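Since we're looking at a predicted model, the values are computed, not measured. Just so we're on the same page: letters track the sequence lines, and every chain starts at 1.
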There are 2 protein chains.
Amino acid sequence: MERKTISRAVIKRLPRYYRYLGDLLESGVERISSNELSDKMQVTASQIRQDLNNFGGFGQQGYGYNVQHLHTEIGKILGLDRTYNMIILGAGNLGQALANYSKFARWGFKVIGIFDVDPELDGTMVRDIPIRMVSELPRYLKENDVQIAALTLPRNQAKAMAELVTANGVKAIWNFAHTDLKLPEDVIVESVHLSDSLMQLSYNMSNYKDKTQKKSRTKEK
Amino acid sequence: MERKTISRAVIKRLPRYYRYLGDLLESGVERISSNELSDKMQVTASQIRQDLNNFGGFGQQGYGYNVQHLHTEIGKILGLDRTYNMIILGAGNLGQALANYSKFARWGFKVIGIFDVDPELDGTMVRDIPIRMVSELPRYLKENDVQIAALTLPRNQAKAMAELVTANGVKAIWNFAHTDLKLPEDVIVESVHLSDSLMQLSYNMSNYKDKTQKKSRTKEK
DNA sequence: TAGATTGTTAATCGATTAACAATC
DNA sequence: TAGATTGTTAATCGATTAACAATC
């Protein structure tokens, strides 16, 4: 089945839809119209329908969307219907925070290894995972099927580590180092730049303009 | 002087410009043209010039941009020429990771307090900051001038904490809880949704398409 | 059926890229 | 000056919103 390329903007919204649908599911809501969801999520109903129809018709005229079904389908689109083995490179606070976040496992992301260069940490347990030494990494990657590596280490180590793991079969990098990685086309890189985020916050604080001044968007009826 | 509203897309790119200019500065590069920077950053030279000219003419025809000067100016635009007092709500791994990240202070973000509900943590030092109890928060906020609160706590506590601190004068929330916050218009909210990021990664892994080819999809049979 | 709401096309809006005159 | 490169306007591209026919 040929599917047209989905824009980055749409992909970024999918996890948010998934989250809201999960919440609705928890509250026992069975069905929802694009208009109701629009109210909750502060996006236009038109955009919701447009976004979803990139992937097929999940709704029903006169009814709306079945919450359970839509939630499941978006999960599939996001690839949450399978499991991934993930390792964490850098056992600092951030690395340990990721390792401890239990929901990742529920979405299929299994942390199976944590690595650091600090000999002091060797063998320390994080949850049920022992911290291993980076020197063991090549061997580890040959013996274990790892799809994702999270880089929670200093920026000057990020490039070398990214190259090491991708050379050993890792297909995706979740990058928390404060640098952009240039890797072969077939390696997926998703970066979380905390400092960029904080700077945006700071920009908005310095340049606050009352948004109520701008005319409000017209609602669809 | 009235400045026209800057689009969200531009603002998101500013920290990245700032980062690259900082790197250039460290390598002792004195001047750079939009074309050279374009090569490094993988954005078009046209976009760079267009972006910068939202804020004024920082370059010089025939010369390019002075790295030091441009770096400083973008820093000012981002509000990095002043300092902010920040508190962290939630002293888990993520909260401690933020507290330990020394670069934030260099950009003007000073972590002056860390709070948690767990009595076990009361008084524990993170760097030079003692963990305090959330119950002390209202009084603390009256005695200290806090501009930013980072929420590194479970989603079900996020709303109440956000409301508490903003009611006590905090102007901006850096939100790491897995929920969207609805707060008064004049409160700045910047969210980092780690799970959203991981799901985008997962989407891209499941739907990888060789970007070097225009058409054709990964053959699945 | 009648009412509701999707799926989808068309219109609008905004952001990116191209082009080039201004000017260092 | 001649060459280089910006600042800025115009053209293009893409994403969002509006509208409505299809249909449950």
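- When atom types are taken as modelled, the side chain of A/Thr83 and the backbone of A/Phe109 share no donor-acceptor pair closer than 3.5 angstrom.
- Screening residues 146-166 of chain A for salt bridge (charged side-chain N to carboxylate O under 4.0 Å, His left out), with sequence neighbours left out, gives A/Arg155-B/Asp23, A/Lys159-A/Glu163.
- Nucleotide C/dG14 holds its P atom 15 Å from the CG atom of B/Asn54, rounded to whole Å.
- Here the straight-line distance linking atom CG of A/Asn66 with atom NE2 of A/His71 works out to 12.0 Å at 0.5 Å rounding.
- Nucleotide D/dT17 holds its P atom 16 Å from the CG atom of A/Asn53, rounded to whole Å.
- Pairs of residues two or more places apart, or lying in two chains, that qualify as salt bridge (charged side-chain N to carboxylate O under 4.0 Å, His left out) and include a residue from residues 68-86 of chain B are B/Glu73-B/Lys76.
- The closest side-chain heavy-atom distance from A/Leu98 to A/Val111 is not below 4.5 Å.
- Put simply, CZ on B/Arg8 is 12 Å from P on C/dA15, counting in whole angstrom units.
- Side-chain atoms of A/Gln96 come within 3.5 Å of backbone N or O of A/Ala91 as a donor-acceptor pair.
- Between B/Tyr65 and D/dG7 there is a side-chain polar atom (N or O) within less than 4.0 angstrom of OP1 or OP2.
- Atom CG of B/Leu52 is separated from atom P of C/dT16 by 13 Å (rounded to the nearest Å).
- Checking side-chain atoms of B/Asn54 against main-chain N and O of B/Asp51 turns up a donor-acceptor pair under 3.5 Å.
- The structure places CD1 of A/Ile74 at 8.5 Å from CZ of A/Phe55, a figure rounded to the nearest 0.5 Å.
- Rounded to whole Å, atom P of D/dA10 lies 20 Å from atom CD of B/Gln47.
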_Contact state string [nucleotides 18-24 of chain C, B base, S sugar-phosphate only, - no protein heavy atom under 4.0 Å]_ = BBB-BBB
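- When the P atom of C/dA15 is taken as reference, atom CD1 of B/Ile6 falls 11 Å away, rounded to whole Å.
- Nucleic acid contact for A/Arg13: sugar-phosphate only, since backbone atoms but no base atoms lie under 4.0 Å from a heavy atom of the residue.
- Of the residues in residues 22-32 of chain B, not one comes within less than 4.0 Å of DNA chain D through any heavy atom.
- A straight line from CD1 of B/Ile48 to P of D/dT8 spans 17 Å, rounded to a whole angstrom.
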*Any chance you could lay out the ring-ring contact (aromatic ring centres under 6.0 Å, His included) test for B/Phe104 and B/Trp174, step after step, and finish with the verdict?*
CA-CA 13 Å; B/Phe104 292 156; B/Trp174 197 19; 5.7 Å; yes
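- Of the residues listed (A/Ile188, A/Thr166, A/Ile148), the one engaging A/Ile173 in a side chain to side chain contact (heavy atoms under 4.5 Å, CB included) is A/Thr166, and it is the only one.
- Residue-to-nucleotide proximity on DNA chain D shows that, of B/Ser34 and A/Ala9, the 5′-proximal contact is made by B/Ser34.
- Applying the side chain to side chain contact (heavy atoms under 4.5 Å, CB included) criterion to B/Ser34, with sequence neighbours excluded, gives B/Ala45, B/Ile48, B/Arg49, B/Tyr65.
- Rounding to whole angstrom units, CG of residue B/Leu70 and C1' of D/dT5 are separated by 14 Å.
- Taking a pair as Watson-Crick or G-U wobble with both distances under 3.5 Å, the runs of three or more consecutive pairs in DNA chain C are C:3-24 with D:3-24.
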